[in-house]
S.K.: 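Once you've had a glance at the structure underneath, I'll fire off some questions.
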Amino acid sequence: MGQVNYSAAKAGEIGFTKALAQEGARAGITVNVICPGYIATDMVKAMPKDVLEKNILPQIPIGRLGEPEEIARCVVFLAADEARAHHRCDDDRERRAISRVIVPLCG
């Protein structure tokens, strides 16, 4: 329960990011979005342990929560000059480069 609003908000942020990246790319502005899964934040760690172990962790491919420091390293990398060439193609047939976005999505 409660995933519709979360999913819609996250999809909206990703769409916003793609559009902003398209508009800013010609001006040399890169935009990146980071959409982490479950991160070991106070909010997530406040979940009942049995819910976390039985319902959440089994769905995570690496079998554990992400750490805030792991996300921080991504942010630092994407904010660095070395990341300026990183982009993705929205459609391989069209090969439209999209600069990625740093818009951290929490939760």
S.K.: Could you tell me whether the side chain of L57 reaches within less than 4.5 Å of the side chain of L65, counting heavy atoms only?
M.R.: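 Heavy-atom side-chain distance check passes, below 4.5 Å.
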S.K.: Mind checking whether I62 and V44 sit in one hydrophobic cluster, side chains of I, L, V, M, F, W, Y counted as touching below 4.5 Å?
M.R.: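 Same cluster.
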S.K.: Does the pair R64/E53 count as a salt bridge with the N-to-O cut at 4.0 Å?
M.R.: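 No, this pair does not count.
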S.K.: So, taking the atom named OG1 in T17 and the one named CD in Q22, what distance separates them when rounded to the nearest 0.5 Å?
M.R.: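 Separation between the atoms: 12.0 Å.
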S.K.: Between R73 and E69, does at least one N-O distance fall below 4.0 Å, as a salt bridge requires?
M.R.: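 No salt bridge links R73 with E69.
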S.K.: With heavy-atom distances below 4.5 Å as the criterion, would you say the side chains of I71 and I39 are in contact?
M.R.: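 In short, these two side chains touch, coming nearer than 4.5 Å.
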S.K.: Return the CD to CD1 distance between E13 and I34, rounded to the nearest 0.5 Å.
M.R.: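 Reported value, rounded in 0.5 Å steps: 12.5 Å.
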S.K.: When rounded to the nearest 0.5 angstrom, what distance separates CE in M43 from OH in Y38?
M.R.: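 Answer for the CE-OH pair, M43 versus Y38, is 8.5 Å.
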S.K.: What is the minimum heavy-atom distance between K10 and C35, and which atoms define it?
M.R.: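 K10 and C35 have their closest heavy atoms at CE-CB, 4.0 Å.
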S.K.: Closer than 3.5 angstrom, by distance alone: can the side chain of Q59 be matched with the main-chain N or O of N55 as a donor-acceptor pair?
M.R.: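 Yes; judged by distance alone, with no hydrogens or angles, the pair exists.
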